Amino acid sequence: MEYTARELMVVCAARQIRDYERVFVGMRLPLLAFALARRAHAPHCAGLFESGTLRDAPSAELLYTMSDAPNITDSLWATSTLNVIGLMASGEIDLGFIGGAEIDHYGNLNTTLIGDWEHPTVRLPGSGGGADIASLARRLAIIMPHERHRLRERVDFVTSPGYGYPDAKGPAGSSWRARQGLPRGGPSALITTLAVFTFDPATGEALLQSYHPGSSIAEVQANTGWPLRLAPDCAATVPPTAAELDIIRASDPHGVWTR
Amino acid sequence: MEYTARELMVVCAARQIRDYERVFVGMRLPLLAFALARRAHAPHCAGLFESGTLRDAPSAELLYTMSDAPNITDSLWATSTLNVIGLMASGEIDLGFIGGAEIDHYGNLNTTLIGDWEHPTVRLPGSGGGADIASLARRLAIIMPHERHRLRERVDFVTSPGYGYPDAKGPAGSSWRARQGLPRGGPSALITTLAVFTFDPATGEALLQSYHPGSSIAEVQANTGWPLRLAPDCAATVPPTAAELDIIRASDPHGVWTR
Amino acid sequence: MQKHGNENCMGKLMTMSEAIARYVSDGAAVAIGLALEALIPHAAAHEMIRQRRQNLTLIGPISDILFDQLIGAGCVAKVQAAWVGNVSEGLGHCYRRASERALPRSLITEAHSNFTIGLALFAAAMGSPYIPTRSLLGSDIPRLNPTLRLESSPLDDSPVLLVPAIQPDVAILHVQRCDEEGNAHLWGNTGVAQEAMLAARDVILITEEIVAHQVIASDPNRVPGPFFKVRAVVHEPGGAHPAAVQGYYNRDHAFYHAYHTATRTPEGYQTWLDEWVLGVPDRTAYLAKLGEERWQSLRVTEHRYAAAVDYGY
Amino acid sequence: MQKHGNENCMGKLMTMSEAIARYVSDGAAVAIGLALEALIPHAAAHEMIRQRRQNLTLIGPISDILFDQLIGAGCVAKVQAAWVGNVSEGLGHCYRRASERALPRSLITEAHSNFTIGLALFAAAMGSPYIPTRSLLGSDIPRLNPTLRLESSPLDDSPVLLVPAIQPDVAILHVQRCDEEGNAHLWGNTGVAQEAMLAARDVILITEEIVAHQVIASDPNRVPGPFFKVRAVVHEPGGAHPAAVQGYYNRDHAFYHAYHTATRTPEGYQTWLDEWVLGVPDRTAYLAKLGEERWQSLRVTEHRYAAAVDYGY
């Protein structure tokens, strides 16, 4: 059965969502993943948006931004940005999705600048709510195109903290987050156009969990800026089912985000 | 013309309100004072309530508490307690009214306890929003029955800071408030059943500004727990006008608060 | 691990007796009476008394006789409050007896102002350890309440009062209407109700009406907080009496006066408690005892409807 | 001494041109674009460009091309923001040119997250010097933004990030409706709009409709803040285009795409600016240029009205 890389990424993202979870939903692919999870294996999950919205069902129309009018219509809470991010700060949010321009071996994300801090070669838009989600959600899932210049040994700027870096006080990983004073969390999955990575909280390192059908460990390595470490059960990514693809295509009939 | 001591107190309180001012209104007499000021000399003043309400006109019915339903009906803002007290904290409120069980020579108010802190002889209800109003409003007006045991040289407990006390670092008054870190404010008037006091911000001392018709400096002194200091222009309190009394009696037709 | 909605698969709709039994345990920190003099969950407090809860910590700004009743019944070890008494009458006799003479038991008061209790709940709602304020500087309140900390601002060394976060075990809110999942509409004065709902670990909603999900979803700006924090929904019309519920009924001022008069002595309080709390099994019996005529006299007669709002696209 | 309503005896209702001329001066700190992608006061930004404002500080969470336009026009010296770009398209070309090559002028970015910019405005609204948070610990953002302070909590020595209060000189809010005194109704997503209104010294309201005082007073829970902070009321239907206004019109996604494509080069930006901003005297002319057919295609067709609410007594 035919499907696009982005459709597979939506499926992989949806698999991160467990039933009854509260999910901080971003735009584009994660939003479709929320719709898929709701209609497939997680019918009781709830979606939150930093614009100030809580939904128990995807909006009636495809969204270009989280503040689009259809996303407020029939929502279950329309409130302030502080109130919804505050829920995450107080530990109420299970999973958050974010993207980024660059990610490194330890799941640290950069959406601020490329190059020198004082004289960047590229100025990126910035954190938005990304750094908050990376700091405060119980689990973090990252979605990115898989390109060697994006998956780097070390990012130029840590906008959204992952598992940090080894330092004089100890290793990267959950212990680094604790040293910084972060209350919880850390990346649990990196979903790309070629593969899915999980992370080892003890060392903070990304582990290749699965490579997408048609790709290979060698191709993933060729497009990744750090020497791969494989998860013990590393294997090919389970492809989408026909039912999953039907739901995705119903949510994005013109393929705005998935083609 | 006949009037009660409380009716005169309402008039004295109303005279504290200038046109266009934002006033933190308490219950009972200050609420009637707000109604009087709106209808008399301050038609553009606005009233705020720590329950979370802004009004440009008194409620249609007499209130027993600020959260009574008629006080929300036709109000201009119904919000959180934090938002309205926050306005005062950020310097937006000109005048606040409070009462108290005890007040002293320097305008410090006690609504917490009488006697020993650990074993009080009387436990009073506490601050409510009083300590916030005394801390944060630009001007403070205090309304109390005039009894010698209530107007004391020094209160047992400072719930709502007035002008403090002289200490090693300097005198009472505005300078004491600045030493504490209070952003502004301090008592500008104490209105009792017998008299009106103003305050000297340089020393923090209460000054007898006027004694009510029928009373006298001697009677005020006999009922005041500190040696009186007179304002240069100390005189008899200007009595209510017939128009003022008509407005008060229209607001409290059964004399619930004024008899 | 946090609680999930799936604990509530069986449904959140339950009786007051079930809700208090399940979600208010002995020793719990309970935020209640959060919209100042309105929307006070008196029916919930009466059920706590009937179930003989012990060693509660009560959290709220100005509890208008609800705290006084629970204190008089011996349910309370500590209050974190700005004011405890009877707003239209003055002092709370039970609060006085407990504070002055440890009757029926000793009571700790952690004194706040309305602003600091709101900031403490907001801090918890934001996951912040504390919020600094300039209020109460120079007041003795921070000297009586050791949780409030006088410090210097790291920004300019000026004095600040640090108000630590307060996270209630449970917040009990009275609302006008909600659905069976705990999606609610709250209007009128809200006091610190939203801050408490967002700060608390568990939430119990007491509601005048149960409405369809779609009614709530038609106006998401009226919702105080997320359904997934709500553990129990109790349909209890009249559950706030003698407090007011905007659009439903007015405050019963005479009831507060009668309570003030009746509770001057411990014996008088016990008689009042026997009559209005221990002597009635639930709120339905309470309202029957109050009498149809009196109840009807409190109902809203001057209806004022909000202008239309379109959430369309 | 604070400003009073009496400065506005002459009335707050004025044209956009008057409002910007009076209340947005060169060098002002302006909070604008506060409800994230909705209710963005684009018409106000265009008037600031036409009046050639200089050295502005722009404050807001994610400005969705409004900041990019003002930066490209050379009006801006500093941004205090979580995100600057084009939400549905990606990067903001003018922001890149200013940050990377000081074109048309240099730009300082004080980087925030959506949470910290909200906390900074809330702190000002509460009169608090700062609010501590655990967000952004371990991020490089505090190292790029010197106003954010890493400290230890005096309560337990744990790391905290102190977010200092931000008080805008003026906050510009787009609302659905308000009266001539500045009593407004705002609904849908509010982002940080209320916090900014309460934090700012002055407030300008841009409104889709002017309504009777009584319409606003019928629903006081919908009011974002007090009328007495409002200095100017501008009746500007369509003033948020291409952003959405809940219940009035939807987001014009194609317009954002066209802006993204057109502004890749400085010359392209200038052409776009001449066509859509400098070449039109006001929003009426702008909407005429947009065309009736396109404008109508954005209007709300699926109406969804809020359930009735009674504020009676």
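Chain identifiers are assigned alphabetically (A, B, ...) following the order of the sequence lines, protein sequences preceding nucleic acid strands; residue numbering begins at 1 within each chain. Please read all numbers here as calculations on a predicted model, not as lab measurements.
- Heavy atoms of other residues, nucleotides or ligands lying less than 6.0 angstrom from CD of D:Glu293 number 12 at most.
- Of all the listed residues (D:Gly188, D:Ala123, D:Ser158, D:Ala308), the one sharing the greatest number of non-hydrogen pairs under 4.5 Å with chain C is D:Gly188.
- Between atom CD1 of residue C:Ile131 and atom CE of residue D:Met126 there is a gap of 9.0 Å, rounded to the nearest 0.5 Å.
- Contact count versus chain C (heavy atoms, under 4.5 Å) is highest, among D:Gln214, D:Arg299, D:Arg222, for D:Arg222.
- Annotation for D:His235: atom NE2 counts as buried by contact number, over 12 foreign heavy atoms lying within 6.0 Å.
- With rounding to the nearest 0.5 Å, the separation of OH in C:Tyr313 from CG in D:Asn250 is 9.0 Å.
- The closest side-chain heavy-atom distance from C:Pro129 to D:Val160 is below 4.5 Å.
- Annotation: the span from C:Tyr311 atom OH to D:Trp187 atom CH2 amounts to 8.5 Å, rounded to 0.5 Å.
- When the shell of 6.0 Å around CD of D:Glu180 is examined, it contains 12 or fewer heavy atoms from other residues, nucleotides or ligands.
- For D:Leu155, the parts lying near chain C are the backbone and the side chain together; criterion is any non-hydrogen pair under 4.5 Å.
- C:Pro220 does not touch chain D: none of its heavy atoms, backbone or side chain, sits under 4.5 Å away.
- Annotation: maximal heavy-atom pairing with chain D below 4.5 Å, among C:Gln176, C:His303, C:Arg134, C:Arg251, occurs at C:His303.
- D:Leu162 places a side-chain heavy atom less than 4.5 Å from the side chain of C:Pro154.
- In D:His257, the NE2 atom is not crowded: 12 or fewer heavy atoms of neighbouring residues, nucleotides or ligands sit closer than 6.0 Å.
- How far NE2 of C:His185 is from CG of D:Asn221: 11.0 Å, rounded to the nearest 0.5 Å.
- Contact of D:Phe122 with chain C is made through the side chain alone, with heavy-atom distances under 4.5 Å.
- For C:Glu151, the part lying under 4.5 angstrom from a heavy atom of chain D is the side chain only.
- Taking OG of D:Ser153 as the start and CZ of C:Arg149 as the end, the distance is 8.0 Å to the nearest 0.5 Å.
- Using a 4.5 Å cut-off between heavy atoms, D:Phe115 contacts chain C through its side chain alone, with no backbone atom that close.
- Using a 4.0 Å cut-off between charged nitrogen and carboxylate oxygen, D:Arg304 and C:Asp219 do not count as a salt-bridge pair.
- For the set D:Ala307, D:Ser135, D:Gly247, D:Pro132, the entry with the most heavy-atom pairs within less than 4.5 Å of chain C is D:Pro132.
- With a 4.5 angstrom heavy-atom cutoff, D:Arg177 touches chain C only via side-chain atoms.
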